[in-house]
Number of protein chains: 2
Amino acid sequence: MTVTDSSMRGKTILVVEDEKPIRDLLRFSLEREGFQVEAAEDAAAARLSLAEKRPDLVLIDWMMPVTSGLEFARELKAAATFADIPLIMLTARGEEGDKVKGLNTGCDDYVTKPFSTAELVARISAVLRRTVPGGSDERIEFGGIEINVAAQRVEANGQSINLGPTEYRLLHFFTSHPERVYSREQLLDRIWGQNVYIEERTVDVHIRRLRKALAPAGKDNLIQTVRGTGYRFSATPS
Amino acid sequence: MTVTDSSMRGKTILVVEDEKPIRDLLRFSLEREGFQVEAAEDAAAARLSLAEKRPDLVLIDWMMPVTSGLEFARELKAAATFADIPLIMLTARGEEGDKVKGLNTGCDDYVTKPFSTAELVARISAVLRRTVPGGSDERIEFGGIEINVAAQRVEANGQSINLGPTEYRLLHFFTSHPERVYSREQLLDRIWGQNVYIEERTVDVHIRRLRKALAPAGKDNLIQTVRGTGYRFSATPS
DNA sequence: CCCGATTGTCACACCGCTGTCATACTCGCG
DNA sequence: CGCGAGTATGACAGCGGTGTGACAATCGGG
């Protein structure tokens with residue numbers, strides 16, 4: 001039984017798992033579903049594969065030697081280049097504390113062991129479906145702000161803008177989704193990750209930081225507050 | 001106890017459920033929370049309601065005669081017009097296969113029976129919060145007033161109109177339900193929410209504020225007072 | 001190990017929105 | 001024409017949403 005639909009085929013999944021039997025099982029199951037599978041047995045190998053293949057999704061085991069799955073997840077989400085790659089974590093059943101911590105790293109879903117292959121594949125499909133396809137664009141421009149995605153550089157009015165990782169992702173999201181209102185919760189979902197438990201007001205703070213960074217170029221007015229709803233990125237002033 | 005927040009007010013939910021007792025229960029519970037509820041007992045009725053009302057969310061029972069819930073979900077997600085409407089599935093407990101297939105159909109969440117109303121409402125709220133309004137670049141136009149739902153922006157005669165949250169919802173409701181009289185009580189129900197106790201006179205005030213906002217564009221005459229009854233939004237002057 | 005950068009949270013100030021009231025006005029009817 | 005009910009308008013106090021600066025914790029690099 002193949003449960004994935006056509007849009008899933010050919011997607012590359014990086015499996016980070018130290019136990020070879022499980023790794024092989026995962027590879028077999030996922031390849032049977034039509035995915036490309038990259039396997040890594042530790043964090044080091046995973047980093048290589050990550051940079052080289054740029055997978056569409058990372059499946060990572062919570063229990064890992066040397067660098068734990070949690071650490072690796074944090075590392076992944078901290079790197080602006082890879083932060084938008086969805087992440088699913090494999091975790092042992094019932095470890096509530098672990099589960100919460102795992103969620104806090106910003107992973108998009110988690111699957112508890114023992115798991116059925118069908119369920120795993122289903123969750124992978126669900127996460128991939130949610131993911132925006134436009135992840136590998138070279139250059140984004142909106143309202144005089146130019147983002148060089150590959151170099152992770154931002155320019156506005158010729159002057160270069162220095163941003164922290166979170167502000168960069170925020171701006172990147174806004175420039176690729178302009179002229180739309182987003183609630184704080186939606187922004188948390190799409191920029192921080194789908195299962196992060198963070199105060200909604202934190203969004204305000206990062207909005208402010210981004211505004212401050214854009215102010216010298218006079219572009220801070222592109223971020224508009226929609227009272228009672230959220231924020232909007234727009235070229236036309238309100 | 002109402003667990004929904006203001007952004008949920010007036011959202012329309014289509015309930016597709018063949019068993020009348022459950023359908024009535026769902027309707028009661030959801031309406032108490034301030035949702036608009038459309039009920040359909042089979043796929044055919046659901047299609048009608050879907051096209052006519054364009055609900056904000058579809059709640060569908062897995063077990064359905066003739067066309068199963070799964071089939072209907074696939075149909076929904078395949079139709080370009082409706083694919084962006086979020087979908088929650090009701091399913092019997094413990095049926096692993098069902099769970100997997102449900103996720104794969106592209107439904108945004110599922111609730112296993114028996115379920116608590118609180119949980120159902122919580123999940124509905126969560127899904128609705130995630131959903132971006134006006135998923136398919138929805139635009140409403142009436143009498144020279146144009147509403148960009150996604151951006152939550154209003155234009156009339158080319159000039160942009162600035163509205164507060166309540167006035168925006170009021171105008172949004174009017175433009176999507178023109179040429180029809182609504183009493184103050186009806187407007188309170190549909191715009192403020194079903195269980196809000198507010199002076200009916202307050203409606204007058206917001207009508208006035210909306211008129212004032214539309215006046216610069218000369219569109220304030222679209223809101224007509226029907227003495228002894230309520231208000232009407234119409235293109236033809238009285 | 002120390003230092004700067006980044007991040008999430010909080011407290012406080014501010015201001016626009018909101019609901020209500022009092023008053024002025026309009027309409028229909030006897 | 002006058003009356004009463006219904007409606008428009010302006011004002012206002014309270015509330016809540018938002019902006020902002022500060023701070024502790026954490027992270028990464030030297």
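Chain naming here is simple, since letters A, B, ... match the order of the sequence lines and numbering starts at 1 in each.
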Under a 4.0 Å N-O cut-off, is there an ion pair linking A:Arg139 with A:Glu146? yes

At less than 4.0 Å, is any side-chain N or O atom of A:Arg184 found next to OP1 or OP2 of D:dT18? Yes or no. yes

What are the two closest heavy atoms between A:Ala217 and A:Ile161, and how far apart are they? CB-CD1, 4.2 Å

Separation of atom CZ in A:Arg201 from atom P in D:dG17, rounded to whole Å: 9 Å

For A:Glu199, all residues meeting side-chain contact (heavy atoms from CB on, under 4.5 Å), sequence neighbours excluded: A:Thr202

Contacts to DNA chain C from residues 205-215 of chain B, heavy-atom cutoff under 4.0 Å, which residues? B:Val205, B:His206, B:Arg209

By nearest-nucleotide position on DNA chain C, the 5'-leaning member of A:Glu199 and B:Glu200 is A:Glu199

Would you classify A:Val203 as touching base, sugar-phosphate or nothing, given that sugar-phosphate means primed atoms plus P, OP1 and OP2, and contacts are heavy atoms under 4.0 Å? nothing

Look at the rings of B:His172 and B:Tyr168 and say which category their plane angle falls in: under 30° parallel, 30 to 60° tilted, over 60° perpendicular. tilted

What are the bounds, 5' to 3', of the part of DNA chain C that sits under 4.0 Å from heavy atoms of chain A? C:dT6 to C:dC17

Hydrogens and angles aside, do A:Thr236 and B:Arg153 bring a side-chain donor and acceptor to less than 3.5 Å of each other? yes

Applying a 4.0 Å non-hydrogen cut-off, can you work out what A:Tyr231 is touching in the nucleic acid: base, sugar-phosphate, or nothing? sugar-phosphate

Once ring pair (Phe, Tyr, Trp, His ring centres under 6.0 Å) is applied, what residue pairs with a partner in residues 219-238 of chain B remain, sequence neighbours excluded? B:Phe142-B:Phe233, B:Phe174-B:Phe233

B:Arg232 CZ to D:dT7 C1', in whole Å, measures 15 Å

When rounded to whole Å, the CZ to P distance for the pair B:Arg227 and D:dG4 reads 15 Å

Atom CG of B:Asp204 to atom P of D:dG10: distance rounded to whole Å? 14 Å

How is B:Thr225 classified with respect to the nucleic acid when contacts are heavy atoms under 4.0 Å: base, sugar-phosphate, or nothing? sugar-phosphate

Residue pairs fulfilling side chain to side chain donor-acceptor pair (under 3.5 Å) with at least one residue in residues 205-215 of chain B, sequence neighbours excluded: B:Glu167-B:His206, B:Arg211-B:Thr225

Any side-chain heavy-atom pair of B:Ile13 and B:Leu26 under 4.5 Å: no

Apply side-chain contact (heavy atoms from CB on, under 4.5 Å) to B:Glu200 and list each qualifying residue two or more places apart in sequence or on a separate chain. B:Arg184, B:Glu185, B:Leu188

